[in-house]
Amino acid sequence: MWPSFARSALRKYTGLASQTLVRAMSSSSGPTSPYTTLSISRPAEAITHVELHRPEKRNAMNKAFWSEMVHCFNEITVDPECRVVVFSAAGKIFTAGIDLMDMAGDILQPEGDDTARISWNLRKTVTSYQETFSVIEKCPKPVVVAVHGACVGGGIDLITACDIRLCTQDAWFQVKEVDIGLAADVGTLQRLPKVIGSRSLVNELALTARKMYADEAKSSGLVSRVFANKEDMMAGALEMAGEIADRSPVAVQGTKINLIYARDHSVADGLNYVATWNMSMLQTQDVMKSVQAAMEKKSPKAVTFSKL
Ligand SMILES: CCC/C=C/C=C/C(=O)SCCNC(=O)CCNC(=O)[C@H](O)C(C)(C)COP(=O)(O)OP(=O)(O)OC[C@H]1O[C@@H](n2cnc3c(N)ncnc32)[C@H](O)[C@@H]1OP(=O)(O)O
């Protein structure tokens with residue numbers, strides 16, 4: 001049975017029976033065309049659910065995955081019906097990271113006639129894999145990621161590119177790359193230090209590949225909430241996504257873009273950027289609508305915002 005807050009959230013956002021949505025959120029039958037590794041659904045208005053869907057291989061990231069993610073998030077970026085994304089995984093765990101069978105050729109036997117060409121091709125491969133997760137960050141719609149079970153290697157690259165991280169009590173996280181002889185190269189080493197406050201802890205995790213469990217993930221700031229089980233987590237993720245979707249998309253998307261800009265620049269540069277941003281965006285009708293609703297003590301849900 002779903003917790004009461006989840007049932008009320010589900011009713012609030014859709015008016016549909018909660019059990020229908022539970023099924024839509026958590027038991028997709030397989031990948032959604034044109035994808036072979038992702039299942040895409042719309043569990044509630046303005047919310048897109050992206051689910052990793054290779055459960056029999058523990059959602060290992062095969063060749064198809066690396067390009068499907070780029071296609072998927074480019075579509076979401078321009079989809080005016082989507083205001084927020086919930087990202088989760090089907091099956092026993094979140095992900096086992098890179099598919100060690102399918103990807104070995106690209107990494108271990110790169111093509112090219114000489115060292116320069118082999119190196120150049122390998123560089124192109126790495127930068128294209130980086131885009132698989134950078135698209136999450138470049139997408140202006142906030143992404144709430146919900147992790148259960150293991151989140152290994154490439155999984156850390158993925159979740160550190162998301163905006164809000166949730167996990168279950170049984171979740172564990174592992175920066176596994178040193179164990180397979182490489183320096184992580186698709187985002188973990190760049191983003192994890194910006195997520196976790198302790199540089200020492202980041203270094204420890206990346207250099208030893210030790211597992212970090214849910215409680216430490218919470219206390220270190222990797223995740224913001226821990227749930228007893230996956231069902232509760234998906235309800236919590238959907239409720240949070242609903243809170244975001246209720247608000248002005250101009251405000252929400254501008255907030256994501258400015259938070260990421262501020263992370264990567266000085267305070268002075270960030271203030272300059274947001275001043276220029278808001279010299280346009282403050283002119284949106286959404287400000288007047290939102291202020292009026294606040295004055296009338298109405299919730300943002302009561303306001304109709306134009307699509308963006
Ligand atoms: C330029 C490249 C940038 C990217 C770099 C990324 C690097 C990384 O991701 S490093 C991390 C690599 N991953 C691993 O080392 C994890 C390996 N897997 C495991 O340790 C376990 O599978 C796991 C603890 C995650 C789950 O254990 P469980 O007992 O639940 O499952 P298994 O019986 O082990 O596996 C079930 C089937 O899934 C296949 N599988 C699991 N992981 C992978 C993988 N990483 N690659 C390919 N296939 C994987 C496993 O072979 C089983 O398949 P089958 O035998 O056909 O049933």
Side-chain angles (χ1 to χ4, degrees), residues 30-31 36-39 51-70 72-73 87-112 117-137 145-162 165 167-193 195 202-214 216-217 222 229-230:
T36 60
T37 65
L38 303 174
S39 169
E51 189 182 39
L52 286 175
H53 213 293
R54 264 189 105 210
E56 70 292 347
K57 295 291 179 188
R58 304 293 181 263
N59 299 312
M61 299 165 168
N62 62 0
K63 272 186 197 157
F65 164 84
W66 295 89
S67 56
E68 288 179 6
M69 279 286 291
V70 177
C72 172
F73 274 88
F87 195 107
S88 69
K92 193 175 157 189
I93 67 167
F94 186 75
T95 178
I98 195 169
D99 189 313
L100 297 166
M101 314 302 281
D102 197 39
M103 304 295 292
D106 274 9
I107 295 163
L108 301 179
Q109 293 153 335
E111 290 181 2
R117 288 169 180 80
I118 293 170
S119 302
W120 198 247
N121 287 336
L122 203 41
R123 189 177 203 289
K124 279 196 283 188
T125 301
V126 173
T127 52
S128 84
Y129 291 162
Q130 289 173 349
E131 188 62 9
T132 294
F133 304 127
S134 293
V135 284
I136 299 173
E137 207 168 77
V145 66
V147 178
H148 72 288
C151 176
V152 181
I156 309 292
D157 297 289
L158 191 161
I159 66 166
T160 51
C162 297
R165 284 166 292 279
C167 77
T168 52
Q169 193 62 59
D170 75 350
W172 53 271
F173 303 83
Q174 191 175 24
V175 184
K176 179 83 172 157
E177 280 82 348
V178 288
D179 278 354
I180 61 163
L182 53 98
D185 54 3
V186 288
T188 290
L189 300 185
Q190 292 66 40
R191 295 191 178 102
L192 190 61
V195 171
V202 171
N203 295 346
E204 182 193 329
L205 295 171
L207 294 170
T208 68
R210 84 158 161 87
K211 294 177 184 175
M212 180 161 82
Y213 293 89
E216 190 183 7
L222 178 60
N229 54 54
K230 188 176 178 191

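Atoms within a ligand are numbered from 1 in the order they appear, just like the ligands themselves.
- Residue-level contacts of ligand 1 at the 4.0 Å heavy-atom threshold are Glu56, Lys57, Arg58, Ala60, Trp66, Lys92, Ile93, Ala96, Gly97, Ile98, Asp99, Leu100, Ile107, Tyr129, Val152, Gly153, Gly154, Lys176, Glu177, Ile180, Asp185, Val186.
- Atom CZ of Arg123 has 12 or fewer neighbouring heavy atoms from other residues, nucleotides or ligands inside a 6.0 Å radius.
- The salt bridge (Lys or Arg N to Asp or Glu O under 4.0 Å) test applied to Asp170 returns no partner, not counting sequence neighbours.
- Sequence neighbours left out, the pairs with a member in residues 145-161 that pass side chain to side chain donor-acceptor pair (under 3.5 Å) are Asp157-Thr188.
- The environment of Glu204 atom CD is dense: over 12 non-hydrogen atoms of other residues, nucleotides or ligands sit within 6.0 angstrom.
- Taking the six-membered ring where the residue is Trp, Phe73 and Phe87 present parallel rings, their angle staying beneath 30° rather than reaching 60°.
- Listed by first and then second residue, the salt bridge (Lys or Arg N to Asp or Glu O under 4.0 Å) pairs that reach into residues 126-136 are Glu131-Lys138, sequence neighbours excluded.
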